[in-house]
Amino acid sequence: MKNFALVDCNNFYVSCERLFDPSLWHRPVVVLSNNDGCIIARSEEAKMLGIGMGEPYFKAEPVMKRHGVKVLSSNYALYGDMSRRVMDVLQQLEAEVEVYSIDEAFVVLPVIIDRSLKAYAASMRRLIRQYVGIPVSIGIGPTRTLAKLANRLAKKEAKYQGVFDISECESVETLLAESATGDVWGIGQRYAEKLHKHGINTALQLRDANDAWLRKTLTVAGLRTAIELRGISCIGAQDVPSARKSIVSSRSFGKPVSSLEELKEAIASYATIAAEKLRAQGLIASSLQVVLSTNRFNKHLPQYSASQTVNLAQPTANTATLLCQAITSLEHIYKPGYQYQKTGILLAELTSADSRQLPLFGQDIERPDLMQALDRVNARWGRNTLQFAAAGLAKPWSMNQRYKSPAYTSQWDQLPVAS
DNA sequence: TCTGGGGTCCTAGGACCC
DNA sequence: TCTGGGGTCCTAGGACCC
């Protein structure tokens, strides 16, 4: 029988920061989202202070000040690089690895004869610790959903030393009965509320619920989750992200923005980032959507949000083309008199740049050679060394990042120095 | 004053066709 | 009185994940 291991990095962003700054050990640390908005990673010490996941920074600030919590802005260059290293260690194994997110991977475990799955997982854990330095927890089960649940136990109970195999559990029923529906992978707040209304509060009750009813209430997604809890694997690798279907670039502003001129700069900047991502993956886009919105949390201000989607005449990865279209769309949906909080661009209907069709009529303006030169300069000398004037220079609207650590592993001038 | 960003999938309903 | 049926495609909105 097939078994899955879910390898999940503990407090990943905090662990990355700690690798390069030992003063962060043994004290509460949090990492903030973009724009220093919410708390998205917490050390164990911070969790113990009752600081919630996703909590707005300004709300938690008084408690954190009182307890001397170290606050950091997110440093995705660092986390992305450390993630790659962790995944590299897993890829060395004689097993199939599905990278699921920046800090998680499913490993389809090989059939092992000379030792237990638990021992195998424990050695994975040691290797990652030794080669990368990041602590991980590993949950094992016959389905991805059960492996996820096992992982919670591995994290929560110190006695398991970071590895928990659900098949070694004395009573799976007891374990499921002690898990809330909301702890199950695939059951979010809304689904948990719906289930609660029908008296279903535990993973065990969810497992044993009526199929037709589940299908009707939670769609096939909910039904699949229940089936997985029964030990039948039906959420497959194809449901785990593989080929990109869309690319988004959007940011909240550091301060509210009202003028069209500033919004145009911002959307041009995000279009530039999206186009870079597109080219880095060898893709071209056929559809472009621009979104614009005010701050939905501020009930005192007039609210407005809009979006426009356009199909491009020619699929493209050319920054100039995308940027011009993005500005045109923005002008189309912009209304004066509002305080905007966010704008963004979504590229969709992505296909491989290799199979690009040349236009039947008119000129081909794609210029991949020019874009390649642009990307090379920026890779060599740093992002935005060469940029389009439309994206602006001062960028007064740009997001807050007040507490950012250096790009220790991805910028020459920011390497850690041993002294 | 201050509330992230980037993804995926599913469904219902409307438009349109024969 | 009574107004087809079945199919496809598209989109918006809602749900989930980390």
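Naming: A, B, ... by sequence-line order, numbering from 1 per chain.
A salt bridge is defined here as a Lys NZ or Arg NE, NH1 or NH2 lying under 4.0 Å from an Asp or Glu carboxylate O, and A/E61 with A/K65 meets this definition. No salt bridge links A/K148 with A/D183; every basic N to acidic carboxylate O contact stays at or beyond 4.0 Å. By the 4.0 Å N-to-carboxylate-O rule, A/E349 lies too far from A/K245 to be salt-bridged with it. Salt bridge A/K70/A/E17: absent, no basic N to carboxylate O contact under 4.0 Å.
With rounding to whole Å, A/D103 atom CG is found 15 Å from B/dG5 atom C1'. B/dC10 atom P lies 12 Å from atom CG of A/L223, rounded to whole Å. The separation between A/R251 atom CZ and B/dG6 atom C1' is 10 Å, rounded to whole Å. Between the NZ atom of A/K342 and the P atom of B/dG4 there is a distance of 7 Å, rounded to whole Å. Remark: P of B/dC10 and CZ of A/R190 are 20 Å apart, rounded to the nearest angstrom. Between the P atom of C/dT11 and the CG atom of A/L346 lies a distance of 13 Å, rounded to the nearest Å. Regarding A/L350, its CG atom lies at a distance of 13 Å from the C1' atom of B/dT8, rounded to whole Å. A straight line from CD of A/E349 to C1' of C/dC9 spans 12 Å, rounded to a whole angstrom.
Among the nucleotides C/dC18, B/dG7, B/dT3, the one closest to the side chain of A/I247 is B/dG7. Residue A/S246 has its side chain nearest to B/dT8 when only C/dC18, B/dT8, B/dG6 are considered. Among the nucleotides B/dC9, B/dT11, C/dC18, the one closest to any side-chain atom of A/V220 is B/dT11. Which of B/dT3, B/dG7, B/dC10 sits closest to the side chain of A/Q341 comes down to B/dT3. Set against B/dC10, B/dT3, C/dC17, the side chain of A/K148 has C/dC17 as its closest nucleotide. Taking every side-chain heavy atom of A/K277 into account, B/dG6 is the closest of C/dC18, B/dC2, B/dG6. Of the candidate nucleotides C/dC16, B/dG4, B/dG7, C/dC16 has the atom lying nearest to any side-chain atom of A/Y191. Of the candidates B/dG7, B/dG5, B/dC2, the closest approach to any side-chain atom of A/N298 belongs to B/dC2. The side chain of A/R215 lies closest to B/dT11, out of C/dC18, B/dT11, B/dG6. The listed nucleotides are B/dT3, B/dG5, B/dT8; the one nearest the side chain of A/N34 is B/dG5.
One distance of note links CG of A/L288 with CD1 of A/I247; it measures 11.5 Å at 0.5 Å rounding.
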